[in-house]
Amino acid sequence: MKIAVIHGANLNFTGIRQPEVYGNTTFEQICEHIEKAASRIATASGSVLGLNQFQSNSEGEIIDFIQMCHIEGFDGIVLNAGAYTHYSYAIADAVAGCNLPVIEVHLSNIFAREDFRQKSVIAPYCIGTISGFGVDSYLLAINHLIYLGGTK
């Protein structure tokens with residue numbers, strides 16, 4: 001099974017930017033935690049997992065990566081688009097067109113934040129949204145893709 005984890009705009013500054021919202025855990029620590037926990041989840045399920053984590057602050061690079069996931073036959077995508085969640089119709093179109101199960105995730109609870117953060121233009125094209133559980137948001141999504149395979 002191949003799963004991509006996409007970290008969008010400003011997530012590389014996690015642990016530095018707004019620690020009162022996103023916590024003190026650095027981006028590198030988050031990626032390492034995802035890698036180790038995803039491996040444990042896959043082992044427990046009897047799956048072999050290829051996990052590919054990608055971060056970009058560029059909308060176009062995120063779109064290119066989503067399209068690459070389709071071309072290379074990935075089984076699912078875990079997507080934290082950061083602020084692009086709220087206005088990137090281009091990323092929403094890429095998600096809609098990739099023919100893969102995509103789960104939108106957020107470290108913070110976007111529904112308890114500013115009004116503009118409570119709207120996702122990407123969510124209608126995802127199989128679900130997980131928000132507010134910190135790094136565990138990613139792990140819940142990975143768990144779903146491994147055990148249930150997602151649906152498109």
Side-chain angles (χ1 to χ4, degrees), residues 1-39 41 49-146 150 152:
M1 172 168 258
K2 291 191 329 186
I3 296 175
V5 176
I6 301 173
H7 308 273
N10 293 309
L11 286 159
N12 59 313
F13 259 47
T14 306
I16 300 167
R17 179 178 149 276
Q18 293 180 279
E20 69 280 2
V21 174
Y22 302 108
N24 293 312
T25 306
T26 67
F27 176 68
E28 293 76 17
Q29 291 168 328
I30 288 171
C31 289
E32 184 178 316
H33 183 72
I34 290 169
E35 196 76 38
K36 288 178 180 176
S39 178
I41 294 167
L49 178 63
L51 187 71
N52 189 336
Q53 295 193 68
F54 173 79
Q55 192 280 325
S56 180
N57 294 316
S58 168
E59 186 177 30
E61 288 179 4
I62 293 169
I63 292 165
D64 289 343
F65 191 81
I66 291 168
Q67 292 174 352
M68 183 277 304
C69 290
H70 168 80
I71 291 165
E72 293 191 8
F74 276 68
D75 297 297
I77 298 173
V78 176
L79 172 61
N80 184 342
Y84 288 130
T85 298
H86 315 295
Y87 65 87
S88 179
Y89 294 101
I91 291 175
D93 286 347
V95 169
C98 74
N99 296 315
L100 294 171
V102 178
I103 301 175
E104 175 185 0
V105 301
H106 298 283
L107 295 167
S108 67
N109 179 357
I110 63 171
F111 303 106
R113 299 198 52 206
E114 304 93 333
D115 287 344
F116 78 92
R117 293 189 195 274
Q118 296 179 24
K119 169 72 174 154
S120 169
V121 299
I122 297 167
Y125 308 104
C126 295
I127 62 170
T129 298
I130 301 170
S131 166
F133 294 100
V135 70
D136 288 341
S137 295
Y138 291 95
L139 303 179
L140 290 165
I142 291 167
N143 188 71
H144 177 81
L145 290 171
I146 289 173
K152 183 64 182 149

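In what follows, residues are counted from 1 in the order of the sequence shown. Fair warning: this is a prediction, and the values are worked out from it, not measured in the lab.
When all heavy atoms of Ile62 and Gly8 are compared, the closest pair comes out as CD1-CA, 3.9 Å. Pairing each heavy atom of Ile63 with each of Ala90, the nearest pair is CD1-CB, 3.5 Å. For Ile122 against Ser88, the heavy-atom pair with the smallest separation is CG1-O, 4.4 Å. The two residues Ala141 and Val105 come nearest to each other via the heavy atoms CB-CG1, 3.8 Å. Heavy atoms only, all atoms of each residue included: Gln55 and Asn10 are closest at NE2-N, 4.3 Å. The shortest heavy-atom contact between Leu107 and Asn80 is N-ND2, 4.0 Å.
With contacts defined as side-chain heavy-atom distances shorter than 4.5 Å, the pair Asp75/Leu145 does not qualify. The closest side-chain heavy-atom distance from Val135 to Thr25 is not below 4.5 Å. Counting heavy atoms from C-beta outward, Tyr125 and Val102 have side chains that stay 4.5 Å or more apart. Residues Ser120 and Thr129 form no side-chain contact, since every pair of their non-hydrogen atoms from C-beta on lies 4.5 Å or further apart. Contact of the Asp136 side chain with the Leu139 side chain is registered, since non-hydrogen atoms from C-beta on lie closer than 4.5 Å. Under the 4.5 Å side-chain criterion, counting only non-hydrogen atoms from C-beta, Ile142 is in contact with Val5.
Counting non-hydrogen atoms of other residues, nucleotides and ligands closer than 6.0 Å to CZ of Phe27 gives a total above 12.
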Steps toward side-chain contact (heavy atoms from CB on, under 4.5 Å) verdict (Glu104, Val95): CA-CA 10 Å; Glu104 175 185 0; Val95 169; over 6 Å; no
CA sep, side-chain torsions, deciding dist, call: Leu11, Ile30, side-chain contact (heavy atoms from CB on, under 4.5 Å): CA-CA 10 Å; Leu11 286 159; Ile30 288 171; over 6 Å; no
Steps toward side-chain contact (heavy atoms from CB on, under 4.5 Å) verdict (Met68, Phe74): CA-CA 9 Å; Met68 183 277 304; Phe74 276 68; 4.1 Å; yes
Residues His7, Ile34; criterion side-chain contact (heavy atoms from CB on, under 4.5 Å); working and verdict: CA-CA 12 Å; His7 308 273; Ile34 290 169; 3.8 Å; yes
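Contacts of Phe54 classified as ring pair (Phe, Tyr, Trp, His ring centres under 6.0 Å), with partners at least two apart in sequence or in another chain: Phe65. Take Tyr87 and apply the ring pair (Phe, Tyr, Trp, His ring centres under 6.0 Å) test, not counting sequence neighbours, and it matches Tyr84.
Rounding to the nearest 0.5 angstrom, the gap separating the CG atom in Leu140 from the CD1 atom in Ile103 is 9.0 Å. Asn52 CG to Ile3 CD1: the interatomic distance, rounded to the nearest 0.5 Å, is 11.0 Å. Here OG of Ser39 is found 9.5 Å from CD1 of Ile41. Values are rounded to the nearest 0.5 Å. To the nearest 0.5 angstrom, Ile130 atom CD1 is 10.5 Å from His106 atom NE2. Here the SG atom belonging to Cys98 is positioned 4.5 Å from the CD1 atom belonging to Ile77, to the nearest 0.5 angstrom. Rounding to the nearest 0.5 Å places OG of Ser131 at 4.5 Å from CG of Asn109.
For residues 26-36, every residue pair satisfying the side chain to side chain donor-acceptor pair (under 3.5 Å) rule, not counting sequence neighbours, is listed here: Thr26-Gln29, Glu32-Lys36, Glu35-Gln53.
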